Amino acid sequence: MAQYDVIIIGSGPGGYVCAIRCAQLGLKTAVAEGRDTLGGTCLNIGCIPSKALLHASHQLHEAEHNFAKMGLKGKTPSVDWKQMQSYKQDVIEQNTKGIEFLFKKNKIDWLKGWASIPAAGKVQVGDETHEAKHVIIASGSDVAPVPGADIEVDGKVVVDSEGALSLPKIPGSMVVVGGGVIGLELGSVYARLGAEVTVIEYLDAITPGQDAEVAKQFQKLLQKQGLKFITGAAVSKVDTKGGKAAVSYKLRKDESEHDLKADIVLVATGRKPHTEGLGLDALGVKLTGRGQIAVDDDYRTSVDGIYAIGDVIEGPMLAHKAEDEGMAIAEILAGQAGHVNYDVIPGVIYTHPEVASVGLTEEQLKEEGRPYKVGKFSFMGNGRAKANFAAEGFVKLLADKQTDRILGCHVIGPMAGDLIHEVCVAMEFGAAAEDLARTCHAHPTYSEAMREAALACGDGPIHA
Ligand code: NAI
């Protein structure tokens with residue numbers, strides 16, 4: 001029986017980052033992982049493979065829609081789905097093998113198998129029980145069933161995000177249940193590859209919680225790309241008789257019932273914490289009302305020596321949030337002052353254009369009754385975006401009306417997911433919009449739009 005300082009359950013972005021930091025800080029560390037490869041949902045069946053398909057399908061979109069405009073004429077590429085799948089697989093393998101390499105480099109043991117916690121300080125994997133001073137649960141999340149609906153994910157006609165990454169062929173038509181992040185990213189992929197995609201969303205707008213102006217523009221741009229939207233509609237049933245799907249939904253405004261046929265239905269209505277099989281009940285580990293593991297500010301559960309991070313606890317289910325928590329708990333266990341600033345966690349949707357946000361939305365500021373100012377700048381005024389057919393979005397910077405301190409930023413546009421980080425850094429330093437506005441930005445770059453939005457919080461942007 002091996003004795004560790006720390007055993008982490010789960011090797012997703014929360015678990016593997018935590019393990020590396022623990023090892024770097026001198027703690028003898030092991031990670032239990034039951035999958036054949038490291039990296040969890042993110043690397044195997046989530047963030048990374050979806051980005052490969054988004055990248056490939058975006059290249060096709062560019063070839064079909066923009067190449068000729070730039071004088072690049074000739075045969076438009078056709079889709080070899082098998083090859084695209086093997087490209088995606090190769091990307092997964094490079095990343096999961098990379099984590100294996102990092103484990104070896106940092107002398108982290110991989111306990112292969114699904115783990116449970118028979119008692120505090122013990123982790124059972126297969127027939128073996130291992131001991132550790134600290135046990136960290138980083139077991140992630142699973143697809144949640146659609147609340148109040150009769151929908152069975154059969155992996156053939158009705159798929160979840162995992163199934164949608166590996167469909168045997170590109171469907172002629174697809175209904176996406178849920179206009180959230182997963183539905184729109186994967187819906188975009190199949191729309192670009194030629195499927196007729198209809199998104200059915202329960203609320204009146206897509207991407208709930210997003211800045212309303214951004215969400216509106218986002219839907220408009222996705223519609224331009226061919227996606228159809230039915231909003232304010234609850235999907236209640238999917239019938240798969242005869243190998244095709246009949247999707248029943250009810251419009252909330254008038255309770256009218258409708259049907260829609262499709263080759264494939266993608267269910268993307270949220271995820272739930274993965275806690276099954278860990279033995280938490282018997283241990284007395286307390287859960288929140290929403291089934292998450294309850295933790296204090298230092299990620300301690302209700303049982304001494306057991307901690308939890310990532311999707312399995314409260315907060316946004318984001319890989320980078322889990323990573324930050326993984327580093328923080330490692331530092332806390334090593335006697336340092338680990339901390340996550342939950343006010344500055346960016347969110348990104350990797351469609352084209354990308355959507356990215358950090359901090360408060362205008363709706364939240366209104367609700368708080370906090371005086372604020374808005375600096376908005378359209379990518380139409382950005383030379384680089386115009387040259388690259390990427391001028392359809394905007395940057396919206398929100399700052400405190402009196403102090404000018406940056407409170408939030410919402411971007412829809414090219415490379416938004418990268419651009420947002422300049423505001424994240426600014427917010428971490430408690431910067432004012434004027435600080436961004438006075439920072440020299442290289443020309444011509446998309447990042448000038450960020451500066452222009454900051455200028456718009458003061459005496460005004462130059463190119464508008
Ligand atoms: P989500 O919570 O983002 O969106 C689910 C949507 O489904 C909501 O808009 C909801 O109103 C709608 N819905 C629920 N029941 C419905 C019904 N019966 N009929 C019609 N619509 C219904 O969930 P999603 O997209 O499944 O993502 C799960 C988690 O994974 C999220 O926390 C997300 O942040 C995370 N994720 C993040 C990514 C990123 O950061 N790029 C990528 C993929 C996932």
Side-chain angles (χ1 to χ4, degrees), residues 12-14 40-55 140-153 158-165 175-189 198-210 212 215 218-219 222 229-238 247-252 257-258 260 265-274 290-292 310-324 345-358 412 416-418 420:
T41 299
C42 174
L43 272 68
N44 288 282
I45 52 165
C47 325
I48 296 296
S50 62
K51 260 67 292 163
L53 294 184
L54 279 158
H55 177 68
S141 59
D142 281 326
V143 173
V146 188
D150 178 13
I151 304 176
E152 192 206 333
V153 175
V158 184
V159 295
D160 56 21
S161 52
E162 180 179 359
L165 289 167
V175 165
V176 176
V177 186
V181 188
I182 292 180
L184 298 177
E185 286 187 356
L186 290 173
S188 281
V189 166
T198 307
V199 179
I200 306 182
E201 165 57 43
Y202 180 80
L203 297 171
D204 293 330
I206 58 170
T207 59
Q210 189 74 243
F218 189 28
Q219 184 172 336
L222 290 175
F229 289 91
I230 301 169
T231 53
V235 172
S236 54
K237 193 176 167 193
V238 178
V247 181
S248 310
Y249 64 92
K250 197 187 253 187
L251 287 180
R252 285 167 53 227
E257 305 211 7
H258 304 262
L260 197 60
V265 175
L266 163 60
V267 179
T269 52
R271 298 178 64 83
K272 62 176 173 54
H274 177 213
R290 301 179 62 204
Q292 301 139 325
D311 283 9
V312 87
I313 66 169
E314 222 178 309
M317 287 185 171
L318 297 171
H320 43 284
K321 176 254 192 190
E323 289 181 30
D324 280 24
I345 294 189
V348 180
I349 309 176
Y350 299 85
T351 43
H352 192 83
E354 290 183 349
V355 174
S357 59
V358 67
I412 175 163
D418 287 273
I420 197 73

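Source: prediction; values computed, not measured. Atoms within a ligand are numbered from 1 in the order they appear, just like the ligands themselves. We number each residue from 1, following the sequence as shown.
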side-chain contact (heavy atoms from CB on, under 4.5 Å) between Ser357 and Gln210, intermediate numbers included: CA-CA 8 Å; Ser357 59; Gln210 189 74 243; 3.7 Å; yes

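A pairwise comparison of heavy atoms in Gly180 and Glu201 identifies N-OE1, 4.3 Å as the closest pair. Here the closest heavy-atom approach between residue Gly140 and residue Asp311 is recorded as C-CB, 3.6 Å. The minimum heavy-atom distance between Ser161 and Ile182, with the atom names listed, is CB-CG2, 3.7 Å. Closest approach of Glu314 and Gln292 over heavy atoms only: CA-NE2, 3.6 Å. Nearest approach of Gly291 to Pro273, heavy atoms of both residues: O-CG, 3.6 Å. Here the closest non-hydrogen pair linking Pro49 and Leu165 is CG-CD1, 3.9 Å.
With hydrogens left out, the protein atom closest to atom 41 (N) of ligand 1 is Val348 O, 2.8 Å, a heavy atom. Protein heavy atom closest to atom 30 (O) of ligand 1, with residue, atom name and distance, is Arg271 CD, 3.7 Å. Closest to atom 26 (O) of ligand 1 among all protein heavy atoms lies Gly270 N, 2.9 Å. When hydrogens are left out, the protein atom nearest atom 4 (O) of ligand 1 is Gly180 CA, 3.3 Å; that is the closest non-hydrogen contact. Looking only at heavy atoms of the protein, atom 12 (C) of ligand 1 is closest to Glu201 OE1, 3.3 Å. Of all protein heavy atoms, the one closest to atom 17 (C) of ligand 1 is Val235 N, 3.8 Å. Ranking protein heavy atoms by distance to atom 32 (O) of ligand 1, first place goes to Met317 CB, 3.5 Å. Remark: minimum distance from atom 42 (C) of ligand 1 to any protein heavy atom is reached at Val181 CG1, 3.4 Å.
The salt bridge (Lys or Arg N to Asp or Glu O under 4.0 Å) search around Lys272 returns none, not counting sequence neighbours. Glu354 is linked by a salt bridge (Lys or Arg N to Asp or Glu O under 4.0 Å) to nothing, counting only residues two or more places apart in sequence or in another chain.
For ligand 1, the atoms sitting less than 4.0 Å from at least one non-hydrogen atom of Tyr350 are 41 (N), numbered in the order shown with element in parentheses. Those atoms of ligand 1 that come under 4.0 Å of a heavy atom in Ile200, given as number and element, are 20 (C), 21 (N). Which parts of ligand 1 touch Glu185 is read off a 4.0 Å heavy-atom cut-off, strictly below it: atoms 41 (N), 42 (C). Close contacts of ligand 1 with Val146, meaning ligand atoms under 4.0 Å from a residue heavy atom, involve 18 (N).
Ligand 1 has at least one atom lying under 4.0 Å from a heavy atom of Ala268. Contact analysis puts Ala234 in contact with ligand 1, with a non-hydrogen atom separation below 4.0 angstrom. Under a 4.0 Å heavy-atom criterion, Ala233 is in contact with ligand 1.
Interatomic distance, CD1 of Ile206 versus OG1 of Thr231, reported as 9.0 Å (0.5 Å rounding).
Heavy-atom neighbours of Phe229 CZ from other residues, nucleotides or ligands within 6.0 Å: above the threshold of 12.
Backbone and side-chain nitrogen or oxygen atoms of Lys51 are examined, and none is located within less than 3.5 angstrom of a nitrogen or oxygen of ligand 1. Between Leu318 and ligand 1, no N or O atom pair is found at a separation short of 3.5 Å.
Within the 4.0 Å heavy-atom criterion, the part of Pro208 lying near ligand 1 is the side chain and not the backbone. Under 4.0 Å from ligand 1, not a single heavy atom of Tyr249 appears.
If you run side-chain contact (heavy atoms from CB on, under 4.5 Å) between Val238 and each of Val153, Ile151, Val175, only Ile151 comes through.
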